[in-house]
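One structure is given below, encoded as structure tokens.
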Protein chains: 2
Amino acid sequence: MRKMVEYVVLAALVHEPRSGYDLTKWLTRVASHFWPVVHSGIYPALAVLEAEGLVHYEAVASEQGPERKVYSLTVRGREELLAWVDSPAPTAQVRDEQLVRALCYGYLPREEALARLAQVRQAHTERLAHYEGLERQIVAADEIGAGGSGIAGPARVGKLLVVRCGIISEQGYLRWCDEAALLIESMRMVVEA
Amino acid sequence: MRKMVEYVVLAALVHEPRSGYDLTKWLTRVASHFWPVVHSGIYPALAVLEAEGLVHYEAVASEQGPERKVYSLTVRGREELLAWVDSPAPTAQVRDEQLVRALCYGYLPREEALARLAQVRQAHTERLAHYEGLERQIVAADEIGAGGSGIAGPARVGKLLVVRCGIISEQGYLRWCDEAALLIESMRMVVEA
DNA sequence: AGTGACATGTAACCAGTTACATGATTGT
DNA sequence: ACAATCATGTAACTGGTTACATGTCACT
């Protein structure tokens with residue numbers, strides 16, 4: 001049974017060939033909101049996939065720093081990836097410490113809860129801006145590459161889908177923050193100092 | 001450094017005393033969308049918290065099955081929980097295999113991608129219904145307990161906050177599914193059989 | 001006698017993270 | 001000299017999951 005990080009690597013490589021370093025950076029930028037990766041997980045995954053003939057690499061001299069191993073999918077790699085893509089996915093798993101805390105906001109002094117919420121809102125505003133920036137990049141790249149046809153090419157579809165999901169969920173989180181602030185303001189005080 | 005599951009248990013117990021069995025069931029119903037738990041993680045957590053004096057239990061005979069250990073927070077447990085609640089939380093982590101797949105939807109035949117998406121949409125519709133059911137329960141409980149004042153008591157605030165977050169995020173996911181279907185329909189065909 | 005809900009636990013495993021390790025090149 | 005970016009890896013850890021383990025009571 002293949003590890004998820006291996007599929008993530010395959011999914012990144014179907015878009016374009018990349019080195020482990022590039023893969024890490026790209027995935028951190030565009031995929032961290034649905035699958036976090038760190039470089040120390042990427043390199044072993046690439047080694048496994050290479051040993052099994054799903055990817056292969058070309059050593060390319062770097063302008064700066066050590067030699068780069070630029071990986072791309074083999075035919076078998078692409079086949080195995082797409083077979084997996086067209087299979088049912090288990091329910092997404094979320095670990096949101098903030099919501100565990102939110103479960104107890106009723107037991108916190110009102111201003112403390114509101115202050116925490118304001119911080120959370122700020123963080124999500126920044127993340128939303130990040131995804132909106134990515135979206136603009138994708139749209140801009142389309143206008144150059146496809147003459148602004150508006151018709152989606154295979155690589156563009158995937159990138160757009162995940163960035164749109166990021167945007168929608170951040171917008172939702174912001175809506176929640178506003179709603180939560182209203183609810184907390186209406187809260188009976190538990191402790192009056 | 002305390003494990004997250006321990007805080008989750010404390011957060012559940014601040015609302016009302018429960019046994020490990022009840023804790024597992026309640027957390028599965030109301031918290032699985034932001035922190036998944038299984039019973040085999042709950043019992044060791046309770047043992048640690050009990051050994052450190054943050055919770056204590058009363059053995060209560062069950063109507064059916066073995067004796068129940070009904071846990072509640074100690075004063076120290078409540079203090080430590082609330083101090084943690086009022087501390088900054090790291091960014092939420094999401095692991096959504098579906099979105100890894102979505103990243104490759106452009107490389108799938110159009111109907112396959114649409115069919116997968118329809119399944120995903122169905123699953124999220126069901127989850128939305130689940131949270132809406134929970135929300136109704138909370139509102140109904142309030143009308144009995146607080147005379148429908150609309151003013152939020154401490155226990156109600158937390159429950160409402162997290163259920164609202166679940167509802168908003170499921171609504172967002174549904175919106176994404178619809179948007180994604182439109183995008184895929186506009187997609188250039190990669191493979192024509 | 002068998003299934004299913006109630007009820008509590010332990011042990012083995014593993015995927016992903018953190019920390020460690022190395023080294024080139026460019027800019028200050 | 002020192003910091004930063006580029007670039008690739010290994011080793012240890014660990015939190016959470018899966019599987020194992022046991023036993024009662026009620027219903028069919």
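Note that the coordinates shown come from a computational prediction; the quantities given were computed from them, not determined experimentally. Per chain, numbering begins at 1; letters A, B, ... match sequence-line order.
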Practice task
Look at the side chain of B:S19 against the base of C:dT8 and say whether a donor-acceptor pair falls under 3.5 Å; ignore hydrogens and angles.
Solution key: no

Fill in the blank from the handout: Side-chain contact check for B:P66: nearest option of D:dG23, D:dT8, C:dG4 is D:dG23

Fill in the blank from the handout: Checking D:dG23, D:dG15, C:dG9 against the side chain of B:H39 (C-beta onward), the nearest is C:dG9

Exercise for the section: Group every Ile, Leu, Val, Met, Phe, Trp and Tyr by side-chain heavy-atom contacts under 4.5 Å, then state whether A:V37 and B:V94 land in the same group. Expected result: no

Problem - Among C:dA7, D:dG16, D:dG9, the one nearest A:K69 by side-chain distance - result: D:dG9

Practice task
Measure from the side chain of A:R95, starting at C-beta and using heavy atoms only, and say which of D:dT17, D:dC6, C:dT8 lies closest.
Solution key: D:dT17

Handout entry: Options D:dA19, D:dT5, C:dA7, nucleotide nearest the side-chain atoms of A:Y21
Key = D:dT5

Practice task
Give me the one residue out of B:R136, B:E135, B:Q137, B:H33 that meets side-chain contact (heavy atoms from CB on, under 4.5 Å) with B:V163.
Solution key: B:E135

Handout entry: Closest nucleotide among C:dG16, C:dT25, D:dT18 to the A:V5 side chain
Key = C:dG16

Practice task
Indicate, yes or no, whether a donor-acceptor pair under 3.5 Å links the base of C:dT25 to the side chain of A:S62.
Solution key: no

Practice task
Check each of A:T24, A:V8, A:D22 against A:I42 using the side-chain contact (heavy atoms from CB on, under 4.5 Å) test, and report the only one that passes.
Solution key: A:T24

Handout entry: Test item: A:E97 and B:W84 side chains (from C-beta on) under 4.5 Å apart, heavy atoms
Key = yes

Exercise for the section: Between D:dT18, D:dG16, C:dA5, spot the one nearest the side chain of B:S40, thanks. Expected result: D:dT18

